[in-house]
Amino acid sequence: MPMPHRTQMQVIKRRLVGKDGSERVRELRAILGELPGYKSGPYADIRKWVEHELTQTRTRARVVYRDSIAVRREGAAQIAVVGPPNVGKSSLLQALSSIQIKTGDYAFTTTRPIPALTRVGGVLVQLVEIPGLIEGAHEGRGGGRALLGVLRGADAILYCHSVAAPAHELAQVIAEVAAAGIALPSMVAATKSDEGDASALRTAFPELDIVEVSVLDDASLDRLREVLWRLTDLVRVFLRGDNEPVALPQPATVFDVADSIHHDLGARCTGARVWGPSARFGGQRVGRAHQLADGDSVEILD
Ligand SMILES: Nc1nc2c(ncn2[C@@H]2O[C@H](COP(=O)(O)OP(=O)(O)OP(=O)(O)O)[C@@H](O)[C@H]2O)c(=O)[nH]1
Ligand SMILES: [Mg+2]
């Protein structure tokens, strides 16, 4: 007896998290082998989706060797980590995730965008280190145009600047991003806070949210995760009986949740029963256009 198709789709997506290249191809082949062979209905749709992923992954594996700096999106949101050279961007990514990156006490250790998956607010979010943006980047200096292209695709920006470095270096980076016409929700991590305090940064950027952080201080990393979660502006909605939330951009309706699980479910969904902040009482029956709030639990009705 196969499991319900919407559960199946979630299981498949979870199995693919963090897998790329030949590893992803292997996993996709294994999944195809396990799927029931229905020729129509939701299971056929799942099969089609998996086959499409397989083709895409193979194509990607071939183009990776070219000089492309594109970053494949993963997780519920993508936050670009941007700042002057040597302020500790890679160290921060390393401290927040399980990846190993080259860090070094010199400028431009990182030369291409580096993605790292991390969990904030219980949800997987992708951080992408954008290598040092130099003055004139928006005119293409230092490969700036391609880097700004990656930045443009992100959902938010975490600017990084060392508390020990002059504030104007960060002002220059922020100016380059603005000159490129990129306007995203953003905040500042005042890095290396074990070496000083952020008062100079706060004076220089009174309009920005600033959080002090040191990779040597776990409590500061936890605080950073909390503000990063707010920066994503996502809502978490739990399917009744499931521990892993679906994370969606605001405003998220019952339809959006159903559709994110499977388009077929989205199409069939007539409403939901809701528990949590957006419900007037537990188990309230709502229509598919009902707007959900962070922390709601739903039972989709079709
Ligand atoms: N004291 C202290 N040093 C840090 C901290 N974070 C990073 N560093 C040091 O700062 C230096 C630069 O770190 P990286 O993580 O390579 O900085 P980056 O911003 O990625 O640098 P580029 O990729 O070259 O632009 C390294 O020597 C790190 O050990 C911190 O929280 N405290
Ligand atoms: Mg780096």
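Since the structure is predicted, the reported quantities are computational estimates derived from the model, not experimental observations. Counting starts at 1 for both ligands and their atoms, in listed order.
The atom of E129 that is an N, O or S and sits closest to the Mg ion (ligand 2) is OE2.
Listed by number with element, the atoms of ligand 1 under 4.0 angstrom from any heavy atom of P85 are 25 (O). Contact atoms of ligand 1 toward E129: 20 (O), 23 (O) (distance under 4.0 Å to a heavy atom of the residue). Set against the non-hydrogen atoms of E195, the atoms of ligand 1 under 4.0 Å away are 1 (N). Close contacts between ligand 1 and S214 involve ligand atoms 31 (O) [criterion: under 4.0 Å to a heavy atom].
Summarising the geometry of I46 relative to H5, their closest heavy-atom pair is CD1-O, 3.5 Å, with the distance given to 0.1 Å.
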Table please: side-chain donor-acceptor pairs of residues 200-210 below 3.5 Å, with sequence neighbours left out.
unit_1: R202; atom_1: NH1; unit_2: I210; atom_2: O; d: 3.3
unit_1: R202; atom_1: NH2; unit_2: E212; atom_2: OE2; d: 3.1
unit_1: T203; atom_1: OG1; unit_2: S199; atom_2: O; d: 2.8

Donor-acceptor pairs under 3.5 angstrom involving side-chain atoms of residues 223-231: please list them, not counting sequence neighbours.
unit_1: R225; atom_1: NH1; unit_2: T118; atom_2: OG1; d: 2.7
unit_1: R225; atom_1: NH1; unit_2: R119; atom_2: O; d: 3.0
unit_1: R225; atom_1: NH2; unit_2: L96; atom_2: O; d: 3.4

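A donor-acceptor contact shorter than 3.5 Å is absent between the side chain of D264 and the backbone of P42.
Rounding to the nearest 0.5 Å gives a distance of 6.0 Å between CD of Q126 and CD of E74.
No side-chain heavy atom of T232 sits under 4.5 Å from any side-chain heavy atom of D155.
One option in L221, N86, L216, D194 has a heavy atom closer to atom 30 (C) of ligand 1 than any other, and that option is D194. Between G196, S220, S90, S91, it is S91 that holds the heavy atom closest to atom 13 (O) of ligand 1.
The shortest N/O to N/O separation between P84 and ligand 1 does not fall below 3.5 Å.
Using a 4.0 Å cut-off between charged nitrogen and carboxylate oxygen, E34 and R15 count as a salt-bridge pair.
With a 4.0 Å heavy-atom cut-off, ligand 1 is reached by no atom of T191. Contacts of Q94 with ligand 1, taken as heavy-atom pairs under 4.0 Å, are absent altogether.
Both Y38 and M9 belong to a single network of hydrophobic side chains, linked directly or stepwise wherever heavy atoms of I, L, V, M, F, W or Y lie under 4.5 Å apart.
Distance check for N86 against the Mg ion (ligand 2): none of its N/O/S atoms falls below 2.8 Å.
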